[in-house]
Amino acid sequence: MDSQSSCVVVTGFGPFRQHLVNSSWEAVKELSKLGLGNDLGVELRILQLPVDYKELAVHVGVDPAAKAIFLEQCGKNRGYRDADIRGFRPEHGLCLPDGPEVIASGVSMKAVSRRARVEGVEVAFSRDAGRYVCDYTYYLSLHHGNGCAALIHIPPLSRWLPASLLGKALQVIIQEMLEETEKARAQGLVHGKLGLGDFSQRELTGGLLL
């Protein structure tokens, strides 16, 4: 897919109640076989969503300068000045004009980073996701999911960090995130939006990832 192509993501839902086969997903799968027509120049991607209000969405992005895997605690609302692959920049550099400055994940990334052990790669904690498309996506996901989202920044592929190792790392990390989420829910600690007062100025402007 080149930088000028368009992409449409079509979702269907999985099983629920007596509907062991959800027609929405079956129809979307058939659409995937048919496509949208070559003349439209549109790439079609499909995704099945669970019928779950509180499903944890995990986003994975690359940090070109990273030597470790960073677990991002929060998304930021402003400061998006760099253009995406189509040259688009969010108006006024904002995710949401009236949104809170910071939204934190309901998952304690610090706790997960302490427990996640992956041989060959360090797992670290961050409160600054970098103000690009990853951070933008994370903020909106946290906003709409009431804090039930996560963002993992991984280093570029290399001889020392092949996709197989990074995939194993993601497995370990996400397993730990799920355990942490269950603990938080059991204790009633899953939270959503935070204000500026919950973070120091350093954390808001110069965390681990810039």
Side-chain angles (χ1 to χ4, degrees), residues 1-11 41-45 47 56-110 112-113 121-158 161 163 166 169-170 173-174 177 191-210:
M1 177 176 165
D2 62 48
S3 62
Q4 300 305 312
S5 300
S6 296
C7 177
V8 174
V9 179
V10 180
T11 67
V42 175
E43 179 183 1
L44 173 64
R45 298 180 186 177
L47 178 68
L56 178 66
V58 180
H59 307 287
V60 182
V62 63
D63 174 12
K67 304 299 183 186
I69 293 174
F70 288 96
L71 310 185
E72 304 293 346
Q73 186 62 64
C74 53
K76 308 292 173 58
N77 190 29
R78 64 181 67 243
Y80 297 92
R81 300 181 180 87
D82 292 336
D84 64 14
I85 61 172
R86 303 182 201 285
F88 172 79
R89 292 179 177 84
E91 188 173 1
H92 305 302
L94 293 171
C95 292
L96 293 173
D98 298 320
E101 292 297 316
V102 179
I103 305 179
S105 174
V107 181
S108 172
M109 300 303 175
K110 184 175 287 187
V112 172
S113 67
V121 60
E122 179 188 358
V123 179
F125 164 76
S126 167
R127 277 182 170 150
D128 193 322
R131 308 308 198 288
Y132 195 44
V133 177
C134 291
D135 200 354
Y136 185 91
T137 301
Y138 191 30
Y139 180 92
L140 293 177
S141 188
L142 288 166
H143 175 77
H144 293 294
N146 195 30
C148 291
L151 172 60
I152 303 171
H153 263 129
I154 64 173
L157 295 175
S158 67
L161 289 173
L166 292 173
L170 290 179
I173 291 166
I174 293 172
M177 285 182 175
H191 53 284
K193 302 167 188 176
L194 296 183
L196 283 169
D198 297 284
F199 294 88
S200 68
Q201 187 63 30
R202 178 182 178 279
E203 289 170 334
L204 285 170
T205 59
L208 295 176
L209 293 177
L210 301 176

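Here, residue 1 is the first one in the sequence, and each next residue gets the next number.
- In this structure, CZ in Phe125 is found 7.0 Å from OG in Ser108, a value given to the nearest 0.5 Å.
- Residue Ile152 is tested with Met177, Glu72, His59 for a side chain to side chain contact (heavy atoms under 4.5 Å, CB included); the sole match is Met177.
- A pairwise comparison of heavy atoms in Asp84 and Tyr132 identifies CA-OH, 3.6 Å as the closest pair.
- Ala68 approaches Pro155 most closely through the heavy-atom pair O-CG, 3.3 Å.
- Between the side chain of Ser105 and the backbone N or O of Ala149 there is at least one donor-acceptor pair closer than 3.5 Å.
- At a cut-off of 3.5 Å, with distance as the only test, no side-chain donor of His153 or Ser126 sits close to an acceptor on the other residue.
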Exercise for review: Assess whether side-chain contact (heavy atoms from CB on, under 4.5 Å) is satisfied between Val62 and Leu157, documenting all intermediate values.
Suggested key: CA-CA 9 Å; Val62 63; Leu157 295 175; over 6 Å; no
Review point. Given Leu161 and Ile154, is the side-chain contact (heavy atoms from CB on, under 4.5 Å) satisfied, shown in steps?
Key: CA-CA 10 Å; Leu161 289 173; Ile154 64 173; over 6 Å; no
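- Side-chain N or O atoms of Glu43 include none that pairs as donor or acceptor with a backbone N or O of Val9 at under 3.5 Å.
- Of the possible donor and acceptor atoms, none in the side chain of Ser141 sits under 3.5 Å from a partner among the backbone N and O of Thr137.
- Interatomic distance, His92 NE2 to Tyr80 OH, rounded to the nearest 0.5 Å: 16.0 Å.
- Going from atom CZ of Arg78 over to atom CZ of Arg131 covers 10.0 Å, rounded to the nearest 0.5 Å.
- Checking side-chain atoms of Lys76 against main-chain N and O of Arg127 turns up a donor-acceptor pair under 3.5 Å.
- In this structure, the side chain of Asn77 engages the main chain of Leu96 through a donor-acceptor pair within 3.5 Å.
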